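As structure tokens, the structure follows; a few thoughts come after it.
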Amino acid sequence: PAPPEAGGDLAAKLYVASLPYDIEEEEIRKVFGVYGDVVDVHVNRPTEGRPDRSAFVRFEEAASATAAMLVLSEMYKFRPGASEGIRICPARGGGKGDR
């Protein structure tokens, strides 16, 4: 693994928004796993008053995260009737272990 000071861990982590309310972790792993080894998926609890969910997806390699973001963001829909594609951006720091 990359040393923490290199920021390798954060570079391989994505924030995914506009997920369907009934999304399952396994669905996310299956889709994102096409782009590389997914080491962690955390689906956030539903936000009151919002019809969608969000999640964090962490890859083994930062290049895999970049590839998934470029291909899937605003294009991929987990449900055929979805009005918009999922939104993906690099995860921001602020959590433990980022420094």
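Please read all numbers here as calculations on a predicted model, not as lab measurements.
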Report the C-alpha distance between Lys13 and Asp40 in whole Å, list the side-chain angles of each, state the deciding distance to 0.1 Å, and finish with yes or no for salt bridge (charged side-chain N to carboxylate O under 4.0 Å, His left out).
CA-CA 9 Å; Lys13 190 173 183 181; Asp40 188 46; over 6 Å; no

Roughly how far, to the nearest 0.5 Å, is CE of Met75 from CD1 of Ile88?
11.5 Å

Check whether any side-chain heavy atom of Tyr15 lies under 4.5 Å from a side-chain heavy atom of Cys89, and answer yes or no.
yes

Atom of Ser18, atom of Gly85 and distance for their closest heavy-atom approach:
CB-O, 3.9 Å

Shortest non-hydrogen contact from Asn44 toward His42:
OD1-CD2, 3.1 Å

Kindly assign one of parallel, tilted or perpendicular to the pair Phe32 and Phe78, based on the angle between their ring planes and the thresholds 30° and 60°.
parallel

Heavy-atom pair with the smallest gap, counting every atom of Val39 and Arg29:
O-NH2, 4.3 Å

Can you tell me how far the CG atom of Leu72 sits from the OH atom of Tyr35, to the nearest 0.5 Å?
4.0 Å

Could you see if Leu14 belongs to whatever hydrophobic cluster contains Leu70? Use Ile, Leu, Val, Met, Phe, Trp, Tyr and a side-chain cutoff under 4.5 Å.
no

Applying side-chain hydrogen bond (donor to acceptor under 3.5 Å, both in side chains), can you list everything that pairs with Glu24, at least two apart in sequence or on another chain?
none

In terms of hydrophobic clustering (I, L, V, M, F, W, Y; side-chain heavy atoms under 4.5 Å; direct or indirect links), are Ile28 and Val31 co-clustered?
yes

Is there a side-chain contact between Tyr76 and Val71, using heavy atoms and a 4.5 Å cut-off?
no

Just one of Arg53, Glu27, Arg87 clears the side chain to side chain contact (heavy atoms under 4.5 Å, CB included) bar with Leu19, so which one?
Arg53

Looking at every non-hydrogen atom in both residues, tell me the closest pair between Tyr21 and Pro51 and how far apart they are.
CB-O, 3.4 Å

Nearest non-hydrogen partners of Ala11 and Ala65, listed with the distance:
O-CB, 3.9 Å

Within the 4.5 Å heavy-atom criterion, are Ile23 and Val43 side-chain neighbours or not?
yes

Evaluate whether atom CG of Asp37 has more than 12 neighbouring non-hydrogen atoms of other residues, nucleotides or ligands under 6.0 angstrom away.
no

Just verifying a value: how many Å separate Leu10 CG and Arg58 CZ, rounded to the nearest 0.5 Å?
10.5 Å

dist Glu48:CD -> Arg45:CZ (nearest 0.5 Å) comes out at 12.5 Å

Rounded at 0.5 Å granularity, tell me how far CD1 in Ile86 sits from NZ in Lys77.
11.5 Å

When rounded to the nearest 0.5 angstrom, what distance separates CZ in Phe59 from CE in Met69?
10.0 Å

